[in-house]
2 protein chains.
Amino acid sequence: MSAEPGTVRPGGRTARVRAAVLRAAGDVLVEQGFDGLDLADVARRAEVGKTTVYRRWGSVTGLVADLLADMAEQSLPREETGSALGDLRANAALVRRTLADPRQGALFRAVIAAATCDERTAQALRRFYEVRVAEWAPCVEQGVARGELPVGTDADAVVRAVSAPLYYQLLTTGVIPDAPAAERAARAAHAAAVAGVYVG
Amino acid sequence: MSAEPGTVRPGGRTARVRAAVLRAAGDVLVEQGFDGLDLADVARRAEVGKTTVYRRWGSVTGLVADLLADMAEQSLPREETGSALGDLRANAALVRRTLADPRQGALFRAVIAAATCDERTAQALRRFYEVRVAEWAPCVEQGVARGELPVGTDADAVVRAVSAPLYYQLLTTGVIPDAPAAERAARAAHAAAVAGVYVG
DNA sequence: GGGTAAACGGTTCTACTGTTTCGTTACGCT
DNA sequence: AGCGTAACGAAACAGTAGAACCGTTTACCC
């Protein structure tokens, strides 16, 4: 009943194993996608015992959830350009670059797929976006303070509105969003915010 | 080498089997999600030979793709309200109702998950949305003709912009969009279109 | 530096997924 | 109605995912 393995002695070998497994899992995801993720294969690539992978992560979704948690730790700081539209543009460009990156893009698709069938992964995903949205929400609040956006604008909603079309395009058409798409996403969210759609 | 089974004699028993299997597959997807879809289990529920399911659909993604094709056949006709905003509202409400429906919502999540790891499913999904978007694009074109929206507005982009936030919310937060969310989605797309974001 | 137990890893085993075979049913055609 | 064969279905078979066991390594504490 020692809770979860890896929590009592997280240093040294345990950390090395975790890093190797997550790296290998990422590689497999990029190459074969979510349902090609075989834990035995991951163990082989990571040069780690198959038992260890099954014991610590248990299932494909558990592994993906941990991979996401690992990614969440390396979130990039927000840029500030001086205007709400500029900040939203910067955000859109960042999201687009993330989705366009072969490794991170594949990872996001896998994570979203995993979240649709596993509650724990879904929670991890939710928390990830909460952090990301909270990081960027201030740019909307500053826009309100500057008088660029209406008072009472829901900052989180605006930030989410920037990401939505980019994710939607990637997931439903499979086409990786390009720079103009990011520009449109930023301008659309800005225009809607200015029009007061996100007030109240 | 008789091509695909079910193509030469598609009537009678074959059709009954297909209907039973698709129904059972939908049930499993709703209950357990994409990776809980076991073909043997589906066969059992459909009261159909396990062999048949494997022979005709082969894999989980193949079955999901067929399920999607079946869904595409029952697309609802577009409503017309007399204004671009009203039409976009109607579209948003329709999309929201679809996602909120326990069966269809779960199905969509599963299909999107499946599309992330199987090219054939991804194609089926793409075609599905092409049809849906094409069905609703005329309401934007009418809006342009009426002078409500700028000349040169990309009709498809506007229609997609309505759906994007609703799907994004469902997939990343797991929260089923409510009526106000649909209203916001419609107004945001409309505001962005009016501002000329989708021109060119 | 030594003790303790947490975590790893090789092997074995079981249960289940997916395939193959072959006999049976019934669809479509005349 | 009767025939030929497409499609179905039960059972035997194969391959593998994932769990259990147990010895080995090594991280943490003193």
Side-chain angles (χ1 to χ4, degrees), chain A residues 1-25 28-29 32-66 70 110 113-114 117-118 120-121, chain B residues 1-25 28-29 31-66 70 110 114 117-118 120-121:
Chain A
M1 168 63 73
S2 51
E4 292 287 295
T7 55
V8 179
R9 279 187 200 171
R13 178 171 62 170
T14 300
R16 275 199 305 279
V17 166
R18 177 167 182 253
V21 169
L22 292 186
R23 183 198 184 86
V28 176
L29 277 184
Q32 315 200 15
F34 171 61
D35 72 344
L37 222 176
D38 169 31
L39 297 199
D41 185 34
V42 170
R44 219 173 302 130
R45 290 186 185 226
E47 295 181 340
V48 151
K50 184 178 71 161
T51 313
T52 301
V53 178
Y54 279 107
R55 182 168 34 219
R56 285 196 53 188
W57 290 280
S59 68
V60 171
T61 52
L63 182 52
V64 170
D66 196 23
D70 188 61
C117 41
D118 178 68
R120 254 189 63 220
T121 309
Chain B
M1 169 67 68
S2 52
E4 291 289 293
T7 54
V8 179
R9 278 188 199 168
R13 177 171 63 169
T14 301
R16 276 198 304 280
V17 166
R18 177 168 183 252
V21 168
L22 293 186
R23 183 198 183 88
V28 176
L29 279 183
E31 288 172 30
Q32 315 201 15
F34 170 61
D35 73 344
L37 221 177
D38 169 32
L39 298 199
D41 185 33
V42 170
R44 222 173 301 130
R45 291 187 186 225
E47 296 181 338
V48 151
K50 185 179 67 159
T51 315
T52 300
V53 177
Y54 281 106
R55 182 169 34 218
R56 285 197 51 188
W57 289 280
S59 69
V60 171
T61 51
L63 182 52
V64 171
D66 196 23
D70 189 61
C117 39
D118 178 69
R120 254 188 63 218
T121 308

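To find a chain, count down the sequence lines: A is the first, B the second, and so on, and within it residues start at 1. Keep in mind the model is a prediction, meaning the values are calculated, not measured.
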What is the distance from [atom1] of [X] to [atom2] of [N], rounded to the nearest Å?
X: Arg45(B); N: dG9(D); atom1: CZ; atom2: P; answer: 18 Å
X: Arg55(A); N: dG10(C); atom1: CZ; atom2: P; answer: 12 Å
X: Leu37(B); N: dG18(C); atom1: CG; atom2: P; answer: 10 Å
X: Trp57(A); N: dA17(D); atom1: CH2; atom2: C1'; answer: 18 Å
X: Asp41(A); N: dT16(D); atom1: CG; atom2: P; answer: 12 Å
X: Glu47(B); N: dC8(D); atom1: CD; atom2: P; answer: 16 Å
X: Leu39(A); N: dA19(D); atom1: CG; atom2: P; answer: 9 Å

For the side chain of Arg13(A) and the base of dA27(D), is some donor closer than 3.5 Å to an acceptor across the two?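 No such pair is found, so the answer is no.
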Under 4.0 Å, heavy atoms only, any strand: does Arg16(A) hit a base, just the sugar-phosphate, or nothing?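 Counting heavy atoms under 4.0 Å across all strands, the contact made by Arg16(A) is with sugar-phosphate only.
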Select base, sugar-phosphate, or nothing to describe what Thr14(A) touches, counting heavy atoms under 4.0 Å on all strands.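 Sugar-phosphate contact only - Thr14(A) comes under 4.0 Å of backbone atoms but never of a base.
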Would you say Arg18(B) and Arg56(B) make side-chain contact, with heavy atoms under 4.5 Å?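 Yes, their side chains come closer than 4.5 Å.
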Among Thr52(A), Val48(A), Asp66(A), Leu39(A), which residue meets the side-chain contact (heavy atoms from CB on, under 4.5 Å) test with Val21(A)?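 When Thr52(A), Val48(A), Asp66(A), Leu39(A) are each tested with Val21(A), the side-chain contact (heavy atoms from CB on, under 4.5 Å) holds only for Val48(A).
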On DNA chain C, does the nearest nucleotide to Arg56(A) precede the nearest nucleotide to Lys50(A) from the 5' side, or the other way round? Give the residue.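 Final value for this comparison: Arg56(A).
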Minimum heavy-atom distance between Ala43(A) and Lys50(A), given as atom pair plus value: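 Answer, listing the atom of Ala43(A) first, then Lys50(A): CB-CA, 3.6 Å.
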What is the minimum heavy-atom distance between Ala65(A) and Thr121(A), and which atoms define it?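 That would be CB-OG1, 3.8 Å.
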Residue [X], side-chain atoms from C-beta onward, closest of [options]:
X: Thr52(B); options: dT25(C), dC8(C), dG9(D); result: dG9(D)
X: Tyr54(A); options: dG18(C), dA17(D), dG9(D); result: dA17(D)
X: Thr51(A); options: dA17(D), dG9(C), dT17(C); result: dG9(C)

Are more than 12 heavy atoms from other residues, nucleotides or ligands located less than 6.0 Å from atom CZ of Arg45(B)?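 Yes, because the 6.0 Å sphere around CZ of Arg45(B) holds more than 12 heavy atoms from other groups.
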